[in-house]
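Counting begins at 1 with the first residue of the sequence. Treat the numbers as computed from the prediction; the structure is a model and nothing was measured.
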Amino acid sequence: MKRTRRQGGRGAKAETLWSQSGAVDARMLAYTVGDDRAWDARLLPWDIYGSLGHLEGLRDAGLVSTSEHRALRRELRSALAAVERGRLRIGIEHEDAHSAVEAWLTRRLGPVGERIHTGRSRNDQVATDLRLFLKDRVLAIHRAGCGAADALARFAARHRTALWPGYTHTRRAMPSSAALWAAAYAQGIVDTLEGLSAVWRLLDRSPLGSAAGYGVPLKIRREVAARALGFKGVEPNVAAVQNGRGKLEAAVLFWCTQLGHDLAKFSADVILYSGEEFGLLRLPAALATGSSIMPHKRNPDLFELTRARAAALEGDLFTTMAIGGRLPGGYHRDFQLLKEPLLRGLGRTEEMLAMIAHAVEGLDADRTRGMEALQGGALATDEVMRRVESGVPFRRAYREVAAALTRGEAFPPPRAAALIARRSATGGIGNLGLPALRARIRASARWAGVEERRFRAALRRLGGGGR
């Protein structure tokens with residue numbers, strides 16, 4: 001392992017795993033590393049798990065002896081514990097997570113520590129780290145999504161009879177309800193959560209053994225490391241691992257942006273409906289901010305920032321697509337810049353879901369304002385349908401009601417119970433299907449639970465009971 005002196009480091013050295021001979025230009029090295037150490041810090045434990053899985057493949061292939069395997073496994077587990085205690089970090093003397101872990105091993109085991117890199121490249125190493133990390137994070141996001149969907153379903157159950165207008169073109173359209181509104185967003189989130197299974201199938205294939213994209217001339221059974229790490233199988237084509245960089249990250253972030261889509265629309269509704277001009281929702285003081293000059297203000301900053309974070313999340317997705325989709329096949333250093341938007345986007349998604357789940361518990365519907373808003377035009381379609389039921393052809397009934405509205409006539413609102421009862425078709429305000437919605441939330445949570453238990457069990461076996 002070569003060490004190169006880093007400019008401005010006053011004796012600090014940067015370790016690289018690739019130097020062959022001669023000094024490496026310090027400014028060039030600083031430029032190419034950039035802020036990668038900070039993002040790699042999130043991958044450090046996963047790099048160790050990946051190494052533990054790779055070690056099982058090396059033992060199976062006879063490339064490490066029993067004593068070497070035992071020593072390497074012991075020190076890797078020690079490194080994992082050191083990361084969790086904050087004793088092992090990526091320092092200025094390291095180029096990345098991989099060099100930090102290998103330096104840990106070689107300091108303790110000498111040449112035996114260098115054996116860990118047999119049969120792999122940093123290319124399949126980081127691809128493995130990312131897939132393990134992504135499995136962990138998407139499961140956490142899925143849990144947060146279930147929490148947000150469940151909070152919205154509970155809101156709907158509390159507000160079954162809270163009527164207000166539905167809107168098209170931001171104009172009053174037909175009677176709706178706070179329950180229908182909330183349940184629609186809950187369903188949208190669940191639809192996206194259920195789509196994780198397709199993304200998971202991509203994440204559940206081990207890249208190890210693909211090396212720099214062309215495999216290795218060693219008799220390594222890639223399936224051994226895959227099983228050890230809890231992957232369902234291997235990436236079947238070694239060249240597809242690098243060709244998929246950027247595409248995989250974009251697939252995960254696209255799933256996240258679909259969650260963000262519903263959260264942004266929901267937030268925009270809350271901002272609008274809780275304003276004085278609408279007054280359909282009541283935003284508690286604890287979930288609002290104030291003004292430094294206007295003492296009466298109660299601002300919906302939480303929801304405004306959710307709307308903005310969802311937009312920024314789309315920017316993270318676009319960045320991954322722009323970096324990964326304009327390159328020829330094989331590995332390119334451009335891939336290093338995929339980490340920042342990916343990790344940032346995942347964090348934004350989980351944070352938004354958790355905050356919305358918390359905020360929904362404090363929201364309330366103003367039933368009086370909702371019924372007042374139904375006066376007049378919002379009931380016009382109900383009047384048309386009442387006349388149709390009495391035998392008037394639809395077009396004639398439509399023209400009669402339109403003429404009545406032009407003359408300034410108003411239609412007295414029926415009782416709330418009658419409005420709800422007339423909407424008994426599946427999915428309407430009188431037949432919301434909340435039990436089925438909750439069943440879908442539970443089923444999605446069970447699916448994620450099965451995958452998580454399988455994943456965690458593999459990690460516990462590798463780590464000797466940790467994590």
Intermediate values then yes/no, side-chain contact (heavy atoms from CB on, under 4.5 Å), F335 and N123: CA-CA 10 Å; F335 294 156; N123 304 77; over 6 Å; no

Taking atom OG of S267 and atom CG of L263, what is their separation to the nearest 0.5 Å? 6.5 Å

Any donor-acceptor N or O pair under 3.5 Å, side chains R367, T161: yes

Should D136 and R456 count as an ion pair when the cut-off is N to O under 4.0 Å? yes

Begin from the C-alpha positions of Q336 and R333 and carry the test side-chain hydrogen bond (donor to acceptor under 3.5 Å, both in side chains) through to its verdict. CA-CA 6 Å; Q336 178 176 304; R333 190 65 180 267; 2.6 Å; yes

Ring-plane angle category for F155 and H159, please: parallel below 30°, perpendicular beyond 60°, tilted otherwise. parallel

For the residue pair T381 and M385, establish whether any side-chain heavy-atom pair is separated by less than 4.5 Å. yes

What heavy-atom pair brings A285 and R298 nearest, and what distance separates the two atoms? CB-NE, 4.2 Å

Indicate yes or no: at least one non-hydrogen side-chain atom of D129 is less than 4.5 angstrom from one of Y49. no

Give the ring-plane orientation class for F455 versus W200, where under 30° counts as parallel, over 60° as perpendicular and anything between as tilted. perpendicular

Taking all non-hydrogen atoms of both residues into account, name the closest pair between L462 and A228 and its distance. CD1-O, 3.3 Å

Identify the heavy atoms of I323 and D334 that sit nearest to each other, and give their distance. CG2-O, 3.5 Å

Value for CG (D316) from OG1 (T320), rounded to nearest 0.5 Å, stands at 8.0 Å

Test item: T257 side-chain N/O and G260 main-chain N/O as donor-acceptor pair under 3.5 Å: no

M371 CE: over 12 foreign heavy atoms closer than 6.0 Å: yes

Lys/Arg N to Asp/Glu carboxylate O, R422 vs E389, below 4.0 Å: yes

Donor-acceptor contact below 3.5 Å, side chain R282 vs main chain S274: no

Electrostatic pair E451-R454, nearest N-O below 4.0 angstrom: yes

Hey, does W164 have a side-chain heavy atom less than 4.5 Å from the side chain of L374? no

Any donor-acceptor pair under 3.5 Å from R461 side chain to L229 backbone: no

From N237 atom CG to N243 atom CG, the distance as rounded to the nearest 0.5 Å: 8.0 Å

Going by heavy atoms in the side chains, are R245 and V126 under 4.5 Å from each other? yes

Under 6.0 Å from the CZ atom of R415, do we count more than 12 heavy atoms belonging to anything else shown? no

List the steps, then state whether side-chain contact (heavy atoms from CB on, under 4.5 Å) holds for L259 with M352. CA-CA 9 Å; L259 293 167; M352 286 191 295; over 6 Å; no

Flag the pair L281 / D364 as yes when at least one side-chain heavy-atom distance between them is below 4.5 Å, and no otherwise. no

Above 12 or not: heavy atoms from other molecules or residues under 6.0 Å from CZ of F394? yes

May I ask you to check whether over 12 heavy atoms, not counting those of Y398, lie within 6.0 Å of atom OH? no

Check R143 with E452, please: is the shortest side-chain N to carboxylate O separation under 4.0 Å? yes

Mind checking whether F278 and Y167 have ring centres under 6.0 Å apart? yes

Looking at every heavy atom in both R87 and W104, which two are closest together, and how far apart are they? NH2-CH2, 4.3 Å

Under 4.5 Å between any side-chain heavy atoms of W46 and L459, yes or no? yes

Separation of R348 CZ from L343 CG (nearest 0.5 Å): 12.0 Å

Could you walk me through whether L196 and W255 satisfy the side-chain contact (heavy atoms from CB on, under 4.5 Å) test, starting with their C-alpha distance in whole Å, then the side-chain angles of each, then the deciding distance to 0.1 Å, before giving a yes or no? CA-CA 7 Å; L196 178 59; W255 177 72; 3.8 Å; yes

Output yes when R131 and E235 qualify as a salt bridge under the 4.0 Å nitrogen-oxygen rule, no when they do not. yes

Any side-chain heavy atom of L208 sitting closer than 4.5 Å to one from V234? no

Shortest non-hydrogen contact between L44 and A100, atoms and distance: CD1-CB, 4.5 Å

Mind listing the closest non-hydrogen atom pair of R154 and R438 along with its distance? CA-NH2, 4.1 Å

Run through R227, K135, K232 and flag the one making a salt bridge (charged side-chain N to carboxylate O under 4.0 Å, His left out) with D204. K135

Can you confirm whether R423 sits close enough to M174 that some side-chain heavy atom of one is under 4.5 Å from a side-chain heavy atom of the other? yes

Verdict with supporting geometry, Y273 and F303, ring-ring contact (aromatic ring centres under 6.0 Å, His included): CA-CA 12 Å; Y273 294 168; F303 299 97; over 10 Å; no

Output for pair (L80 CG, L88 CG), nearest 0.5 Å, gives 9.5 Å

OG of S51 to NE2 of H54: how many Å apart, nearest 0.5 Å? 7.5 Å

